[in-house]
Amino acid sequence: MPVNTGKSRTAIASPLLLVPVAGPPLKPITVKTNELTVLGRSREATVVLADPTVSRRHASIALAGGRWLLTDLNSRHGVLVNGTAIEAGVQVLIDEGDLIHVGPWTLRVGVSSTAASFVNTTDDYSEGEDRRVQKVARHELENMAQHRLQVLLDCAEQINSATDEDALAEESLRSALSGTGYQRAAMLKPTGTESELIVVGYHDDRGSDVSNASFSRSLVHAAASGELVRMTGEAMVTGQSIVDLHITQALCAPIMIGGTVVSYLYLDVRDRSAPIEEDAAAFCQAIARLCGLALSNIKHIALQSRQQRIEGELAAARQAQQLIMPAEQGTSGSIRYALRTHPGSFVAGDLFDIQELGDGRTAVCIGDVAGEGAGAAVLMAAAQSHLHSALRKHRDLAEAIIEVNRYVSARSAANRFITMWVGVFESETGVLQYVDAGHGHWIHKPANGSAMFVEHTGGLLVGIDSEFEYEIETLNVSKGDRLVLYSDGVIEQQSPEGEFFGNDRLLDIVNASGDEVQDVESALAAVKAFAGGQALADDTTVASVLYQP
């Protein structure tokens, strides 16, 4: 049984793995990075959880900006993270080791084993297992001596002051050894399979390193039922590897949160002459219960801290976004425009700008930065500022976009890209020159015709290839023509049933609209209604520009 000895908390691996640790039989769930995963009772759900307490669309999990986000989709019985109910419709950041409760199931946010170091433990199952592994009788657990209560109280004070799982393990193992007489102690975390455990903490009075440690699989398996178990005396002889290690007694206490085993307190001794306290089992169980309470509190505080941190970051990003965006309505050169934006649960870095260039030329830009939070907002601001400068420097629109692309490629992270559409209206010729850098979300509404999607070649997203050569495309426009530009938050918004808003609904809205203001107001209202009361998943930006030379 390999044991992961990694101590530090690392970034969650991709794809995400949800390991069932309680509830009816269920295979581990792999959450893909490139799609929204819906947990629910419906057959249309990505992961079907067939239980009456699970709603048809109970919860969703998605990767956004390198963060895994969990959302309660207005489920009837709710979703708990580390024992705390989350608010319906609000995206919650989940992290490695978190416990997600959906219906009768408890799912642990899994860790990748690819970067972990492992040691082998002993597979000591045998026909005599029932004789070797014994449940500790309740009356024995109630007989802890009075003089040891003070020791336990001191231990409780130290455990409750622990601020993270590593510190909790350190203090609880030290106290367990000093209060029981055992020589070796470990805090072990299950991973969902009997063949693998994570070592959270390890102590050995003899100075042995954890890489040489071995643990009884049958003892841990028995403790998984939620009861304190042990191996003692002659019962040890059937586990030959245990005998080779000269282990004479072993004890395993489950650490539980809300009825779910989340870790184990494992003790053993290798010297038959070593005195074990008579109430060692009771003392060990008391520490395990204290650990469960403290660990629950640590996880609850960590969840609150993550939410507060991300909310503060997003508030700053939204403020930056609002400062850069132009007014909701206005006129610039030959263009009259209307703009509406609505923030999603996590700011995505939408941008819109309009700029009079002189000589009857007016530039319009819409874009969307891949990723969320302050980083996306900063990149959006930098790109928009540089685009302003490049459009005035280069009369050739393609040259301006090429310069912005080189600027972004040299300064952004490897996973930060920008979809961008930039058009220049020329009032003297009635020609719209444009470059579509991977954006693709725009509609042409002629003054005397039906709204349509414009066929175009387009180019790479800004920031992917610093040497990419963008090319200008053109569209003839007439007085009264409108262009409706929008971010992918519009068409990718999902209904409570999981249906996407899509392009066709927006096309119908524009055809039924009479002017640029009605375009944007009707579109945004329709997206909100389509979401069915849920928070919009992404920033949603809709702009309509009316050409009137």
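Remark: His300 pairs with Thr84, Gln304 by the side-chain contact (heavy atoms from CB on, under 4.5 Å) rule, at least two apart or across chains. Remark: Ser389 pairs with no residue by the side-chain contact (heavy atoms from CB on, under 4.5 Å) rule, at least two apart or across chains.
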>> With side chain to side chain donor-acceptor pair (under 3.5 Å) as the criterion, how do Ser478 and Asp481 come out once you've worked through the C-alpha distance, each side chain's angles and the decisive distance to 0.1 Å?
In response: CA-CA 6 Å; Ser478 302; Asp481 283 9; 4.5 Å; no

>> Before you tell me yes or no, could you show the steps for His439 and Asp368 under side chain to side chain donor-acceptor pair (under 3.5 Å), namely the whole-Å CA-CA distance, both residues' side-chain angles and the distance that decides it to 0.1 Å?
In response: CA-CA 8 Å; His439 190 76; Asp368 186 358; over 6 Å; no

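Under the 3.5 Å distance criterion, the side-chain polar atoms of Thr46 are matched with a main-chain donor or acceptor of Val38. With hydrogens and angles disregarded, a donor-acceptor distance shorter than 3.5 Å links the side chain of Ser75 to the backbone of Gly78. Using a distance-only test at 3.5 Å, with no hydrogens or angles considered, no donor-acceptor pair links the side chain of Asp436 to the main chain of Thr457. Between the side chain of Asn82 and the backbone N or O of Leu99, at least one donor-acceptor pair lies under 3.5 Å. Arg108 places a side-chain N or O within 3.5 Å of a backbone atom of Val262 that can act as its donor or acceptor partner. The backbone N or O of Ser385 sits nowhere less than 3.5 Å from a side-chain atom of His388 that would complete a donor-acceptor pair. Ser296 places no side-chain N or O within donor-acceptor distance of the main-chain N or O of Gly292, the cut-off being under 3.5 Å. With hydrogens and angles ignored, the 3.5 Å screen pairs a side-chain donor or acceptor of Arg361 with a backbone N or O of Arg395. For the pair Thr541 (side chain) and Ser487 (backbone), a donor-acceptor distance under 3.5 Å is absent. Proximity of a side-chain donor or acceptor of Lys445 to a complementary backbone N or O of Leu507 within less than 3.5 Å is not detected.
Ring geometry for Trp421 against Trp442 counts as tilted: the plane angle lies between 30° and 60°, on a 0 to 90° scale.
Of the residues Ile29, Leu17, Val19, the one that meets the side-chain contact (heavy atoms from CB on, under 4.5 Å) test with Leu107 is Ile29.
For Thr106 and His101, the side-chain atoms include at least one donor-acceptor pair closer than 3.5 Å. Inspection of the His441 and Asp488 side chains reveals no N or O donor paired with an N or O acceptor under 3.5 Å.
Screening residues 498-523 for side chain to side chain donor-acceptor pair (under 3.5 Å), with sequence neighbours left out, gives Arg336-Glu516, Arg340-Glu521, Arg482-Asp519, Tyr486-Asn503, Glu499-Arg505, Ser513-Asp519, Asp519-Ser544.
The distance from atom CG of Leu524 to atom OG1 of Thr341, rounded to the nearest 0.5 Å, is 8.0 Å. Rounding to the nearest 0.5 Å gives a distance of 7.0 Å between CD1 of Ile255 and CG of Leu168.
The neighbour count for Glu428 CD, taken as heavy atoms of other residues, nucleotides or ligands under 6.0 Å away, does not exceed 12.
Side-chain contact between Lys479 and Pro549 is present, with heavy atoms from C-beta onward closer than 4.5 Å.
A salt bridge is defined here as a Lys NZ or Arg NE, NH1 or NH2 lying under 4.0 Å from an Asp or Glu carboxylate O, and Lys189 with Glu165 meets this definition.
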